[in-house]
Structure formats: C-alpha cells, structure tokens
Amino acid sequence: MTTSGNAAAVLAELTDLRDGLVVTDPDVVASHERDSAPFCPNGRAAALVRPRSVEEVSAVLRFAHRHGVPVVPQGARTGLAGGANAIEGCLLLSLERMNRILSIDETNAVAVVEPGVVNAVLSRAVAEKGLFYPPDPSSWESSTIGGNVATNAGGLCCVKYGVTAEYVRGLEVVLADGRVVRTGRSTAKGVAGYDLTRLFVGSEGTLGVVTKVTLALRPAAETALTAVAFFPDAASACATVCDYLAGGGQPALLELMDRLSMEVVRRHKDLGFPDDAGAMLLMQSDRGALAAQDLVEFEKVATAHGGDVVLAEDAAESAMLLEARRSVGVATELLGAFLSEDACVPRSVLVDLVVGVEKISRDNDVLITCTGHAGDGNMHPSVVFDPADPEQVRRAMIAFDQVMQLTLDLGGTITGEHGVGVLKAEWLETELGPDGLGLQRDIKRTLDPTGILNPGKVLRV
C-alpha cells in the first residue's frame, strides 16, 4: 500500500467525516485491489473508502479532485476486464455498503435502488410483488446493480429482454469534482435534453460515480420450460440458432457451449453430457401456455441439424441445465489464469466466430473454451494458460489478439457486455477509429478535466 502526500491529505479530511469510512489496513486494502479478471495488472491503492451516502461520495470526490488523487469506483468486483483494478496510489471507492432498495413502485413498475444492491436480491424482491427485473449476468448472485450499470451488463435473458441500459430510466451521479447531478426520468417516456443516462451507463466509472438508479420493471414472466440439444459440432449448433430465430422463435435464453467448455465443466461436475457431443444449446421459453409448443419447434429445427434434444420435465431439471451454463466460469477458473473475451457478432456469422476460435486454439496450441449467448451473437471465448510458463503466456496473448481481430473482421464488437476495462483498452481505437476515439476523449475531458476517475480504464489518455 502506498500513500502519496496528496492522498494523505485527502485521507486526513475524510477520516474526520465518519469513523469507518476510510480503511487503511494493508491486508484489507490489498484484498480489494483486483476484480475477477485474473491476468490484468493492478497497482497498490492508498486506501479503501466505504461510503454509505451520496453526501459521503460527494465529499470523497470533492477532496480527491482538489488534491489530484485518482479514484477507482468499485462494486462487487465481479468484472472480467480489470475495470475495477487499483492503480498506484488511488483511493478505492467501494459502493457495496450503499445497498438499500429505496422503493418498488408496483403501479408504475419502477424500482429505485442504491448501487450496492445485489442483482439477485433485487430480482427476488420485485418477484415477491409480481414484477420482473430481466438483466441476469452469470454473476447475478453477487454482482451489484451499480456494477451492472457501469458495464451495461447483459446476461442469459438478453436475447429476449435486452441489456441493463434498456431498464435504466434515471441516475443520480456524482461528478469528478463532487457535484451531484440527476439524469433521465422515472416516467415511461421522456426526451428532454440529451440522453445523459445512456452516456453514463457502460462508462465503467470513468465519467462519474452512480449513487442511485431508477429501473424499469416488467410483469412477472410466465412459467418457463427448458430444452437442451447436443450436436456433433459447433457449426450445426450455430445453424440451429440462426434457423430457429429466423423462423420466429422467441426464446427467453439461447445459450451455446462448445466441446471444450463441456469438457471443462465435466471435470468440475458431472452433469451428464454425452462424451461424443461437439456442442450444446440450452434453450428456454417463458411464454407460459405457449412454452411447450416453443420447445417442440426448437426440437424440430435442432433435429434437422443433427441435434439430440432433451426436454426438461420440471423446474428441477431446468435448474440443473441452467447450472451447467452458469458453471462454466467457475470451472474455467480452476484451470489457471484465463483471458475472458466478450466478442459479439451478427448472428449470421456466429458460426464463423466459433469455428474461427477453434482454429485459433489449434494454431496456437492453447486451450480456448467458447461459450455464451448464441441468441444475440455474444460469445465468451476464454483463453486458458499457465501464468508461470512464459511460452504459454506468449501464445495466449497472441490467441487473444487473434480472436479480437477475428471479431472485428466479422463486423462485430470487442465487448458485448463485460466492458473494456484495461483488458481491451488497446483494441478500442481499432474498433472506433481515431476520430471516434478522439470524440470519446473529448467527453472524458469535459466531465473529468483532471482525469481522476478510474484513469487508464477504457481510454488510455
């Protein structure tokens, strides 16, 4: 842990605000210096700050702005791009203790929450009132709404319901100099002024710190039914995805796991995958009385492409199938370090991405699992390697860059939901071009003229 003179001055001012606001214990601070991206660099923070109110967040930023001390906002640190990693001498601003659900308005189908509310906690709270909050990243049991907003997180249900931004109506944001602004609205419609809410959603804590979120809710989904289909190869699975959706399919989720992903999960937990399966699709319909027919239509398309389809008979079997998909991240972590990609391409070229990743894996002699949200073309190739082996590290880095380039060559984007962080920052200009990147830097300088907010993330300015 390091403390510059400027940081020490800020800490002295903050300590006077409230006991427990500032933590300087080296072990505690060190435990918060990284998110869940295992191979992204981090620095040593000066301190951890745990505000409980917007007033305290404002004070932190006001003092940091005055003294030029960098501030790294954090949620539950479940991110996979290094976006919440400490930089040298920074203040780690943890929003986890701002964790109140302030209101759930059943009449207007709106919830107002603080950023530290865990996604699953909110989802269950609104479900008790007959409402539904759809965004469900794989980390939903631990990731926070603030973190979801910061990265514009997606999840398994995005193919039908969209990503976090579709549900954020308004924000309370503390700017770099400590000013508090409110963006957006609570109403169902509203076009007054520029859409600053969309600007802050997905900005990864580089433009302001979100302290309150107004979220749109939906009526509770109807009973869901789930099917799984095993294919001889990934190409057959991708063809099924395209044909099923082109034929009018309306799945609540449509997930793909390639052969290597299934092998990795099988080492972690035996979920009954066939030994000869080359790919798996997991499909779910939540259309109530129509769900059974949806599964029949999916089975027809999958069978036509060589798939072997199994229909879940009850909620317990459906939960087991979903567990297989959600287990990929945990199972991959057990193998060593990994670089998690977040490639999103048009569905029409999904097969080119998945087959291309398989070739990159072979060419570089490195394990790359490929799983993700096939229904919206958002896949998560994970390059797995031994960080203690320099040759493996070299090959892994080459493979990572090749997947990034393949994604862009296919008309896709380098990140569909994880964010840029530090992991993909050097690829941002390749996607946006120099003029597009320059415009984003202009926005950053306008809102954060001294560059204290999460420096080095997203934009390397």
Just checking, is any N or O donor in the side chain of [X] or [Y] under 3.5 Å from an acceptor N or O on the other one?
X	Y	result
Thr226	Ser318	yes
Asn148	Tyr167	no
Glu255	His373	yes
Ser94	Gln74	no
Trp427	Asp401	yes

Practice problem: Report yes if the side chains of Tyr194 and Leu199 come closer than 4.5 Å at any heavy-atom pair, otherwise no. | Solution: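 In short, these two side chains do not touch, never coming nearer than 4.5 Å.
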
Do any N or O atoms from the side chain of [X] and from the backbone of [Y] form a donor-acceptor pair under 3.5 angstrom?
X	Y	value
Glu297	Gly249	no
Glu417	Ala153	no
Asp258	Ala234	no
Thr211	Pro115	no
Thr144	Val118	no
Ser236	Pro232	no
Glu431	Thr413	no

Practice problem: For Arg185, look at atom CZ and say whether over 12 heavy atoms of other residues, nucleotides or ligands are found less than 6.0 Å away. | Solution: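 Yes.
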
Self-check item: Results of side chain to side chain contact (heavy atoms under 4.5 Å, CB included) for Pro387 - residues two or more places apart only
Solution: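 Checked Pro387 against side chain to side chain contact (heavy atoms under 4.5 Å, CB included); matches are Phe39, Ala337, Phe385.
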
Exercise. Might you work through the side chain to side chain contact (heavy atoms under 4.5 Å, CB included) test for Gln392 and Val366, ending with a clear yes or no?
Key: CA-CA 7 Å; Gln392 282 197 37; Val366 62; 6.0 Å; no

Self-check item: Residues Arg124, Glu141: salt bridge by 4.0 Å N-O rule
Solution: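 So Arg124 pairs with Glu141 through a salt bridge.
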
Quiz item: Any Lys/Arg nitrogen of Arg198 or Glu166 sitting under 4.0 Å from an Asp/Glu carboxylate oxygen of the other?
Solution: yes

Quiz prompt | Listed once per pair and sorted, the side-chain hydrogen bond (donor to acceptor under 3.5 Å, both in side chains) pairs that draw on residues 350-360, sequence neighbours left out | solution =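 Applying side-chain hydrogen bond (donor to acceptor under 3.5 Å, both in side chains) to every pair that reaches into residues 350-360, excluding sequence neighbours, yields Lys359-Asp363.
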
Exercise. Give the C-alpha distance, both sets of side-chain angles, the deciding distance and a yes or no for side chain to side chain contact (heavy atoms under 4.5 Å, CB included) between Phe338 and Leu367.
Key: CA-CA 9 Å; Phe338 65 93; Leu367 172 62; over 6 Å; no

Quiz item: Checking side chain to side chain contact (heavy atoms under 4.5 Å, CB included) for the pair His380/Asp342: CA distance, chi angles, key distance, verdict?
Solution: CA-CA 5 Å; His380 300 306; Asp342 183 32; 2.9 Å; yes

